[in-house]
Structures are given as C-alpha cells and as structure tokens.
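Below: the structure, in structure tokens.
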Amino acid sequence: MEEDDDHGSVFLPTTGLSECRKRWTQVDGIGTPPPPRVSHSATVIDHKLYIIAGGRFDGRQWISCDDVFAFDFTNCQWKALEITGVTMPRRRGHSAGLVS
C-alpha cells in the first residue's frame, strides 16, 4: 500500500471569477489528522469538520473505526476528540447529520 503524500491535507472548494470556474484548493493542516479511511461520515458544524468512524483495509481484512476527529477551518488544525461516557460501536458505511 502506497503512502499518501496528501495525508493531513484538506481540499476546500473555492470559486474563481465566475461560478463556472469552481476549483478545489489544498490546505495543509496542522496537528494529527485521522488515519486514511473510507466509509466514514463527514459533517460540518459551524467552523469545524467532524470525521466520524469509517474503516480501513490493513492488507488482510477491513478494520472498522470508532474514533472522531475534528478539523477547525479557522486555524487549519486537526484534533482527535476524546469520547467520554457511552461510546458508539465501531462502524463504517454509516451516515450522520446535524439536527437542530
């Protein structure tokens, strides 16, 4: 498995001179990003992107995750969140949304 040179980077949508020139811009984050994964959920609340669970393949089998990471758009910083109390079971292929 090849290492991803962009690990820890975030790609943000930006617009050019008109709506027809939409582009993605790479932003290098600081802190500890989540390990590469698939089938996670990503939810934006205020100025933070939350990456919840997901899975990764270790070369022999799929491993489901139960961790949560946040990316703060104001300072481009990744942070692993400590979950307290009742924790969710490991999961991948789920969805998440904000209900207010």
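At a threshold of 4.5 Å between non-hydrogen side-chain atoms, the residues F71 and V44 do not count as touching. Between L49 and F73 the shortest side-chain heavy-atom distance falls below 4.5 Å.
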D66 vs R91, test: side-chain contact (heavy atoms from CB on, under 4.5 Å). Steps then yes/no.
CA-CA 6 Å; D66 62 353; R91 64 188 66 225; over 6 Å; no
Evaluate the criterion side-chain contact (heavy atoms from CB on, under 4.5 Å) for residue pair Y50 and L81; output intermediate values, then yes/no.
CA-CA 9 Å; Y50 294 91; L81 302 182; 3.7 Å; yes
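Residues passing the side chain to side chain contact (heavy atoms under 4.5 Å, CB included) test with S64, sequence neighbours excluded: R90, R92. In this structure, the side chain to side chain contact (heavy atoms under 4.5 Å, CB included) partners of T43, at least two apart in sequence or on a different chain, are I45, A96. By the side chain to side chain contact (heavy atoms under 4.5 Å, CB included) test, R37 pairs with P34, P35, H40, I51, C65, D67, F69, sequence neighbours left out.
Taking a 6.0 Å sphere around CD of Q61, one finds it holds more than 12 heavy atoms contributed by other residues, nucleotides or ligands.
Panel note: side chain D46, backbone K48; no donor-acceptor pair is recorded below 3.5 Å.
One hydrophobic cluster, built from ILVMFWY side chains closer than 4.5 Å, cannot hold both F57 and I63; they sit in different ones.
D72 contributes atom CG, which lies 7.5 Å from atom CD of Q77 (distance to the nearest 0.5 angstrom). Between atom SG of residue C76 and atom CG of residue D28 there is a gap of 8.5 Å, rounded to the nearest 0.5 Å.
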